[in-house]
Visitor: 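Quick one: the structure is below, and I'll ask about it shortly.
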Amino acid sequence: MARRGKWTALAAAAGALMLALTACSAGSGVNVNPSTVTSGGTGGGTLVAAIGGQPDQLDPAVTTSYNSFQVLENVYDTLVEPDQNLAMQPALAESWTTSDDQLTWTFKLRQGVKFHDGSDFTSADVVYSYDRIIDEKLSPSWRFSAVKSIKAPDDSTVVITVKSPSPNLLANLGGFKGLGIVKKSNVTSGDIKTKPIGTGPFSVEKFTAGDSIELEANPDYWGGAPKLDGVKFTFIPEPSTAMAALQSGEVQWTDSVPAQEVATLKNDNTITLGQVGSNDYWYLALNQAKSPWKDVRVRQAVAYAIDRDAITQATKYGNATVNQLAIPKTSQWYTEYAPFTFDEAKAKSLMAEAGVTSANMTFLATSDYPETVTVGQLLADALGKIGITVKIKTVDFATWLDEQGKGNFDLLMMGWLGNIDPDDFYYGQHHTDGSNNYQHYSNAEVDRLLDAGRTETDQAARKDLYAQAAKIIADECSYIYLYNPDVLQVWSTKLTGYEVRGDRAIRFRTASLAG
Amino acid sequence: MTLFLLKRLGHMAIVLIGVTLVVFALIQLVPGDPVRLAMGTRFDPDVYAALRAASGLDRPLVEQYFSYLGNALTGNLGVSFRSGDPVTLLLLARLPATLSLAIASLVVAGLISFPLGIHSALNRGKFSDVVVRVISQFGVSVPDFWMGIILILVFSTTLGWLPPSGYVAITENPWEWFRRVLLPAITVGTASGAIMTRYIRSSVLESLGSDHARTARSKGLPERIVMSRHILRNALVPVITVGGVQLAGLLGGVVVVEVVFAWPGLGRLVYDSVAARDYPVIQGAVLLIAVLFLFINLIVDIVYAKVDPRIALS
């Protein structure tokens, strides 16, 4: 047999692979030259922003991934939206009034707003967007739990009636882009998953699986045309790669910032480091359905035995604020209260008082949130000193959620993110009937305060109710609050007009690339 | 040959059905509930029930399996829980990146291993042989994650020659594709090349000392002919096997490198899908990787018979 024959076989094999390769690549691929992205922006350039992962999909009412909301923040609008201090400001709704009995909310919509496809935005779109979430029981449906009906008496008015006074309605409607106003035809065609149509400052032009999403400026945006021509979100899972891409100029913005590098980055004048306290909180919860954790003194002993400063240093390299309640100083719901000190003797005496000399504890940690593993190690050491033997069980997040749901833990650590209204971060977690009360906390007084807080429309009185509830929750260690982490982002010095926000909303509408 | 192919394709079908069954069973055994995970930390029983019904997870397992198998036979691999996209589309979108990285890595591996392996065998015991063996040991031992980051630090951050991450389709811009595939391909190819170097070295050594090589020499054939026609060709057979195994491994098993270089390949899709318990995508991707694996094996066997006529396809 001629030698040529053998190599033909090899070539054929390689050829078959190459054929498969080219046949499948149609429609994929990215635009490598930012200047070819044409748009109606005002010449501010195209920003390349590196985010940690690919959005699972872009339907705001269906996705639960933060990566999706990083993109959608720039694509969709809500009726109202939070400003820097997380107070609700007009967005698609220009103004609103409430009836004397507080049960009817009337929203006047902004005139002349258009969707990205050029069609008019009307009250029917609001009714459709909200009814869809309620009827299909989509994940944000809990935000409408107090809502009785949503009506559109005319094109520019939306009337929401509620079952009981709902002081948190605005925060529910505007605090989360999942309640962005969608377009019915975009939903029914199924296109919304990859090519959503909103009314926001940017429109989605291209979604390249595994690689990037390209947005183009919306010149007709009601808040004024963005300065940038567009934004390309690129997915870089490894933080050190993202930092390398930023330093090489491939990307101009990223939130993949390793906390241990903050000190170095602060001294780097080729980039801007954005650092701001967040409303996220991280906490420990003891399973009160189990002995000995049902005894409040044992829980308090744990609270005294931990060194919050050391925990914050080990997990966030100091880029967080220690807090014994949920919410930080910057929030209007902040209450100053810190009942616990790091006091081993006090912890030991509480253990003795409870008659517990030794106990075994399973600490449920998840590798998806490495801080939980770090804290587990610190706790094993600290709690060992007061007679509690800690066994750390590290699982992936899917398993973690399962175990939490089944109550297979003694202690766990987790965070609640993007907290705006106290009903949102106290009721479900600490009310006896709360759907996220995995620690089985129950206190009639706390229940009464949380019920009252739901419907109290006087702001000062409401704040007082939650302050009272929060103090009891802390005293009785329903949660042992640890810290509020900082939001860390870095961007090129060429990027101007951008601000890092405590609610982690990434808004590029006013940003510009100089030079 | 035709009979051989038919038989092999029959075997492959059986293996693939086995793969679907094993993957389906394994997924069920792994703890973690995709619906609960999709909901995140906030649990709501009504939403939970609605999502379970929508994803078909409330049906009996046997029914779920047979409906999956039935659909798979017609080329329908279901719909991703997370994105709502057809799995087939998700896989096809990732395939070009995976195949192009695998082939580029194999080329790198070949460029490293053939010269080094042959040189090392011909200079057995000499200093350069020792050097090659140390280098190949190093290549096998270095973690690809570390290697990737070092390459980024040197060639992107410090020298600024190559982009640290990102993917461009070869059909869109071959030069950009080449610039971007280079670092990941070197990372992956070095490890594969190191393994192949050792195989080539020992295979050539064995061939060098064989009877047919001595016979060829004693016939007075020039060393060049002895080398190319009698030694290297015989040494090639086991090397093809190793190359095939390496290539197959590259198709689904370079997750770490894909993460470091943000390369949108199949491995990362599988990894993300397992983390998200996106059952349809895991099943589809494993099936696709199994198909590719089997085809590469088939091609290797055919190439075998071509290289070494003593091996019959039967």
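Keep in mind that what you see is a predicted model, and the values were worked out from it rather than measured. Per chain, numbering begins at 1; letters A, B, ... match sequence-line order.
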Visitor: When you compare the side chain of A:Pro237 with that of B:Arg268, does any pair of heavy atoms fall below 4.5 Å?
Guide: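 The answer is yes; the side chains approach within 4.5 Å.
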
Visitor: Once you round to the nearest 0.5 Å, how far does CD of A:Gln247 lie from CG of B:Leu153?
Guide: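 That separation rounds to 9.0 Å.
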
Visitor: Side chain, backbone, both or neither: which part of A:Thr234 has an atom under 4.5 Å from a heavy atom of chain B?
Guide: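 For A:Thr234, no heavy atom lies under 4.5 Å from chain B.
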
Visitor: When you compare the side chain of B:Asp272 with that of A:Gln54, does any pair of heavy atoms fall below 4.5 Å?
Guide: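 No - every pair of side-chain heavy atoms lies 4.5 Å or more apart.
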
Visitor: Please examine the side chains of A:Gln404 and B:Phe43, heavy atoms only from C-beta on, and report whether any two atoms are closer than 4.5 Å.
Guide: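 No, every pair of side-chain atoms sits at 4.5 Å or beyond.
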
Visitor: Does a side-chain heavy-atom distance below 4.5 Å link B:Arg42 with A:Asn436?
Guide: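 SC-SC contact between B:Arg42 and A:Asn436 confirmed.
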
Visitor: Could you check which of B:Asp46, B:Leu269, B:Asp85 has the highest count of heavy-atom pairs closer than 4.5 Å to chain A?
Guide: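 That would be B:Asp46.
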
Visitor: Considering only heavy atoms, which portion of B:Ser165 lies under 4.5 Å from any heavy atom of chain A: side chain, backbone, both, or neither?
Guide: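 Both parts, backbone and side chain.
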
Visitor: Which bit of A:Met414 is near chain B, if near means a heavy-atom gap under 4.5 Å: side chain, backbone, both or neither?
Guide: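 Contact with chain B involves the side chain of A:Met414 alone.
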
Visitor: Does A:Tyr369 have any ring-ring contact (aromatic ring centres under 6.0 Å, His included) partners at least two apart in sequence or in another chain, and if so, which?
Guide: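 Once residues adjacent in sequence are excluded, the partners of A:Tyr369 under the ring-ring contact (aromatic ring centres under 6.0 Å, His included) criterion are A:Trp282, A:Phe397.
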
Visitor: Hey, are B:Asp33 and A:Lys406 close enough for a salt bridge, meaning a charged N less than 4.0 Å from a carboxylate O?
Guide: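 A salt bridge is absent here (no side-chain N lies under 4.0 Å from a carboxylate O).
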
Visitor: Between B:Asp44 and A:Arg143, is there a salt bridge with N-O shorter than 4.0 Å?
Guide: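 Looking at B:Asp44 together with A:Arg143, the answer is no, because their closest N to O distance does not fall below 4.0 Å.
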
Visitor: With a 4.5 angstrom heavy-atom cut-off, which part of A:Leu58 approaches chain B: side chain, backbone, both or neither?
Guide: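 For A:Leu58, no heavy atom lies under 4.5 Å from chain B.
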
Visitor: A side-chain contact here means heavy atoms from C-beta on lying under 4.5 Å apart; do A:Asp396 and B:Arg277 qualify?
Guide: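 A side-chain contact under 4.5 Å exists here.
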
Visitor: Could you list the residues that satisfy side chain to side chain contact (heavy atoms under 4.5 Å, CB included) with A:Gln57, not counting sequence neighbours?
Guide: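 A:Asp59, A:Val62, A:Thr63, A:Lys193, B:Ser83.
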
Visitor: Would you mind checking which part of B:Ala262 comes under 4.5 Å of any heavy atom in chain A, side chain (CB onward), backbone (N, CA, C, O), both or neither?
Guide: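 For B:Ala262, backbone and side chain are both near chain A.
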
